[in-house]
Amino acid sequence: MGWVERFILPAPTDIVNALILNWSDILMHTGVTFFEGITGLLVAVVFSFAMAIIMDQFVLVKKAIYPSLVISQTVPIIIIAPLLAMWFGFGIAPKIFVVVLVCFFPITINLIEGLQSVDQELIDLVRSMGARKIQIFSKIKFPYALPYFFSGLKIAATYSIMGAVIGEWLGGKAGLGVYMLRARHAFALDLVFASILVIVILSIGVFYGIAMIQKAIMPWEKLKEE
């Protein structure tokens, strides 16, 4: 409407036009960020499962590690990311590592809570029937913990893209974070906002993709809603 200069705050039409005109470049950088985010998220899931199972099986391990996990979240990731770039260079590995760091905590905490929220009487019942530990885990604990797991996973999904972008801000050759920095240095704020729009859409897409996987893996949840 002309109230604010466009070089300070671009109009929505300018943002859409910038997105259309630079779509090929933005798409290439989006692919890099998406790969970093999804790869880091998958690695975080693997480590989270291993850590949650260990803490569930060994109480002393949980008492020793759980406080450290909480304390680790008080360290700003923006502080750690430059160190990773110094140690591992400016390739894709530090970005994936940043994503793993931001995604690991919510998945692990929710999963361990789910595993330890199972009704003890139910566990005693199947144990009295001769069930082994692996059977108790696969038939009782794991299905019961799935809603907790997916809750943490959906939180981590939104963090994954953000973590990848933060890693790219602090050093990289490609990705939406790098593209945003280049656009900002060129005072092309329309491209900066276009990149933000793509990041938001990408994060929402990952979130709802996981929600669809949850519905496919847990069809009984849909029956409960009905």
Nearest 0.5 Å please: distance from the [atom1] atom of [X] over to the [atom2] atom of [Y].
X	Y	atom1	atom2	value
Y208	K215	OH	NZ	9.5 Å
I213	L153	CD1	CG	7.5 Å
F49	I112	CZ	CD1	11.5 Å
F207	I155	CZ	CD1	8.5 Å
L176	L202	CG	CG	7.0 Å
I54	K62	CD1	NZ	14.0 Å

Taking the six-membered ring for Trp, is the centroid-to-centroid distance between F142 and F149 below 6.0 Å?
no
Restricting to pairs with a member in [range], which pass side-chain hydrogen bond (donor to acceptor under 3.5 Å, both in side chains), not counting sequence neighbours?
range	value
residues 180-203	none
residues 141-151	D56-K141
residues 106-115	S48-T108

I'd like to check the side-chain contact (heavy atoms from CB on, under 4.5 Å) partners of [X]; sequence neighbours left out, ordered by chain and number.
X	answer
V46	none
V100	V43, A44, I96
L197	L19, I201
I65	M51, M55, V61, L69

So if you build clusters from Ile, Leu, Val, Met, Phe, Trp, Tyr with side-chain heavy-atom gaps below 4.5 Å, do [X] and [Y] land together?
X	Y	result
L42	V102	yes
V165	M28	no
V178	V98	no

Closest approach of [X] to [Y] (non-hydrogen atoms, all atoms of both residues):
X	Y	answer
P106	A156	CG-CB, 4.1 Å
K95	A164	CG-O, 4.2 Å
P143	P147	O-CD, 3.7 Å
A145	L111	CB-CD1, 4.1 Å
A157	V206	CB-CG1, 3.6 Å

Output, in order, the C-alpha distance, side-chain angles, deciding distance and verdict of side-chain contact (heavy atoms from CB on, under 4.5 Å) for I210 and L41.
CA-CA 11 Å; I210 291 173; L41 183 62; 4.0 Å; yes
Could you please spell out the steps behind the side-chain contact (heavy atoms from CB on, under 4.5 Å) verdict for L191 and N22?
CA-CA 8 Å; L191 289 178; N22 299 273; 3.2 Å; yes
Apply side chain to side chain donor-acceptor pair (under 3.5 Å) to D14 and list each qualifying residue two or more places apart in sequence or on a separate chain.
R6
What pairs of residues pass the ring-ring contact (aromatic ring centres under 6.0 Å, His included) test when at least one of them lies in residues 19-43, not counting sequence neighbours?
H29-Y179
Applying ring-ring contact (aromatic ring centres under 6.0 Å, His included), can you list everything that pairs with Y159, at least two apart in sequence or on another chain?
none
So do the side chains of [X] and [Y] get within less than 4.5 Å of each other, counting heavy atoms only?
X	Y	value
V198	L27	no
M180	I199	yes
V99	M162	no
I107	V45	yes

Hits for salt bridge (charged side-chain N to carboxylate O under 4.0 Å, His left out) against K154, two or more places apart or cross-chain, chain-then-number order -> none
Hydrophobic cluster partners of I20 (side-chain heavy atoms under 4.5 Å)
V16
